[in-house]
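By convention in this document, chain letters (A, B, ...) are assigned in the order of the sequence lines, proteins followed by strands, and residues within each chain are numbered from 1.
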There are 2 protein chains.
Amino acid sequence: MVARAGLSRDRIVEAAAELADEVGFAQVTLSAVARRFGVQVASLYAHVDGADDLRAGVACLALEELADTAGGALAGRSGRDALVVLGDVYRDYAAAHPGRYDAARFPLDPATAAASAGPRLAELTRAVLRGYHLGRADETHAVRLLGSVFHGFTSLEAAGGFSHSRPASSTSWARILDGLDVLLRSWAADAPDHSHARRTTR
Amino acid sequence: MVARAGLSRDRIVEAAAELADEVGFAQVTLSAVARRFGVQVASLYAHVDGADDLRAGVACLALEELADTAGGALAGRSGRDALVVLGDVYRDYAAAHPGRYDAARFPLDPATAAASAGPRLAELTRAVLRGYHLGRADETHAVRLLGSVFHGFTSLEAAGGFSHSRPASSTSWARILDGLDVLLRSWAADAPDHSHARRTTR
DNA sequence: GTTATTGCCTAAAGGCATTAGGAACGAGGG
DNA sequence: CCCTCGTTCCTAATGCCTTTAGGCAATAAC
């Protein structure tokens, strides 16, 4: 008699993601999602394996969205351009979807982490760095540096750390991306690219 | 008849901080703290104004400890030295007290934030940067850059982001601090220090 | 049109947060 | 000595969230 709500894991996770953006990732709760669907809480257990699984689902969704937009935005770009674009993808995503962005840092167990879009994201930043022709070790250091700056800046910005003081955080962001570019260039000078050297070995 | 537990706000917050380091900041709960003291939950309300106030207390404690150790470690140092020491203070604190470190990023309402040791910490990083003789604007950008890198790196490291791959994260950390030093030097070259220029104006 | 599956429900138990009000402990004045 | 009085801690009750178990009804297969 009563119309079915038409639940599915995807629809539930999607609703949870919207909820996260509205009220914060920490407030994402099975009860709230059930209310949103006009459904009893227990019904969700048919599709989701409890509250943590729901949060993990939102995390995976966020990682996927991030990787997708990064992949699209990065197409055809390299060097400084690519660096700026990648940074902006993170920052813009965090601004547009604060709850989802928070979710992206939810600790996943190794198996789901490996199956998530996380590795794809890492690969994308490695691709950006390839334009700087760093040495093997420096490339890893650089991946970590970029991850730290992107994550650190966006999360501090989201937490309001920069909001009540001049200059505008966007100005700092631009200056910081600039700085990273010159920093990576200096690393490139330190350690010439081994993979492309000896091209003329004959 | 029953011996009193001798509760006080400080003792409760301290216990909550220990708990945070043991089981994670998110798991810091009035119930758990009450259990630790062998006391009923409601008894805590005489000293603490609810769960959020308890968390805020832990946050303030963490900020204070951070600012204290940073202040001590920074004494008599400047330039690259000071930069490395400040970074290490953050990283070491996060490693030794993961729960407290997490707490330090708990959003405080403006009043308590202003009264906390947060501003003192910001002042300390500004002091470190004074050694690089940046322009006014660049100094702010640099404060944000350092905050982003320190926070981003330590939190990614704590989340296990770097743990399962070579090279060791300590190596990256050293390389990154080095990089920040050269980056700040390049900014100094861009915009000479106005406060000390024109010394010879006559 | 009957059967099997699945989707959603009710019911129940357990944990955490919060408030209200009561009892026992400690200290100080009579 | 004892009597208040403030403080410390308690019991009790309410409400929200999670999780599990078991039941009925809508959909899909035949």
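- Residue-level contact check: B/A42 touches the bases, meaning some heavy atom is under 4.0 Å from a base atom.
- Atom CZ of residue A/R105 and atom CG of residue B/L156 lie 6.5 Å apart, to the nearest 0.5 angstrom.
- Aromatic ring pairs are classed by plane angle as parallel below 30°, tilted from 30° to 60° and perpendicular above 60°; the pair B/H151 and A/H151 is tilted.
- Computed from coordinates, the B/R9 CZ to D/dT8 C1' distance equals 17 Å when rounded to whole Å.
- Considering only side-chain N and O atoms, A/H47 lies under 4.0 angstrom from the phosphate OP1 or OP2 of C/dC8.
- When the C1' atom of C/dG7 is taken as reference, atom CG of A/L44 falls 12 Å away, rounded to whole Å.
- Aromatic ring orientation, A/F162 versus A/F153: tilted (interplanar angle from 30° to 60°).
- When the C1' atom of C/dG15 is taken as reference, atom CD of B/Q27 falls 13 Å away, rounded to whole Å.
- If you take CG of A/D53 and C1' of D/dT19, they are 14 Å apart, rounded to a whole angstrom.
- Of the candidates D/dT19, C/dA17, D/dT11, D/dT11 carries the atom nearest the B/Q40 side chain, counting heavy atoms from C-beta on.
- Listed nucleotides: C/dT18, D/dC9, D/dT18. Nearest to the side chain of A/Y45: D/dT18.
- If you take CZ of B/R35 and C1' of C/dA17, they are 13 Å apart, rounded to a whole angstrom.
- When heavy atoms are screened at a 4.0 angstrom cut-off, B/A51 is found touching the sugar-phosphate backbone but no base atom.
- The listed nucleotides are C/dC8, D/dT18, C/dA17; the one nearest the side chain of A/S31 is D/dT18.
- Using cut-offs of 30° and 60° on the angle between ring planes, the pair A/F150 and A/Y90 is tilted.
- Residue B/T29 has no polar side-chain atom (N or O) positioned under 4.0 Å from OP1 or OP2 of C/dG15.
- The listed nucleotides are D/dT11, D/dC9, D/dT19; the one nearest the side chain of A/V41 is D/dT19.
- With A/R100 as the fixed residue, the salt bridge (Lys or Arg N to Asp or Glu O under 4.0 Å) test singles out one of A/E65, A/E64, A/E18: A/E65.
- Closest contact between the side chain of B/S43 and the listed nucleotides C/dA17, D/dT18, D/dC10 involves D/dC10.
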